[in-house]
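Beneath this line is the structure, given in C-alpha cells, with notes to follow.
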Amino acid sequence: MTQLKLSNKRETMKKENYKELTDKELLDRLEAARVAYIQEKIQHSISPLDNPAKITRDRREIARMLTEVRARQLNNK
C-alpha cells in the first residue's frame with residue numbers, strides 16, 4: 001500500500017476562482033505566491049527540490065493572478 005505525500009501538493013486555483021476574490025484578497029495571494037516562488041527558486045539552487053515542476057506550476061499561477069489583476073485594471077477605466 002503506497003501513501004501519497006499530500007503536504008507538498010498545492011492545488012492551483014482556476015481562473016473563475018480568481019474572479020470571485022476581492023482586489024485585496026487577490027493582491028495578498030499574489031504577494032504570498034511571489035514570496036513562496038522566490039524562496040523555492042533559492043532553495044532549488046542550493047539543493048534540488050523533490051518536485052522541480054512545482055516551480056513551473058507556481059510561476060504559471062502567479063501569471064494567472066497577474067492576468068486577473070490587469071483585467072480588473074482595464075475594466076475599471
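At least one side-chain heavy atom of R59 sits less than 4.5 Å from a side-chain heavy atom of T56.
In this structure, the separation between CG on D28 and CG on D23 is 10.5 Å, given to the nearest 0.5 Å. Atom CZ of R64 and atom OG1 of T67 lie 9.0 Å apart (nearest 0.5 Å). The CZ atom of R60 sits 12.5 Å away from the CD1 atom of I55 when rounded to the nearest 0.5 Å.
Smallest separation of non-hydrogen atoms from H44 and L49: ND1-N, 3.2 Å. The two residues Y37 and I62 make their nearest non-hydrogen contact at CB-CD1, 3.7 Å. Residue Y18 comes nearest to M65 through the heavy atom pair CE2-CG, 3.4 Å, listed as atom of the first residue, atom of the second, then distance. Across all their heavy atoms, R57 and N51 have their closest contact at NH1-ND2, 4.2 Å.
There is a path of hydrophobic side-chain contacts, each under 4.5 Å, that joins I46 to I38.
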Intermediate values then yes/no, side-chain contact (heavy atoms from CB on, under 4.5 Å), L66 and R34: CA-CA 11 Å; L66 288 172; R34 281 181 167 167; 3.3 Å; yes
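For CZ of R72, the number of neighbouring non-hydrogen atoms (other residues, nucleotides, ligands) closer than 6.0 Å is greater than 12.
Between E68 and K19, no side-chain nitrogen of the basic residue sits less than 4.0 Å from a carboxylate oxygen of the acidic one, so the salt-bridge criterion is not met.
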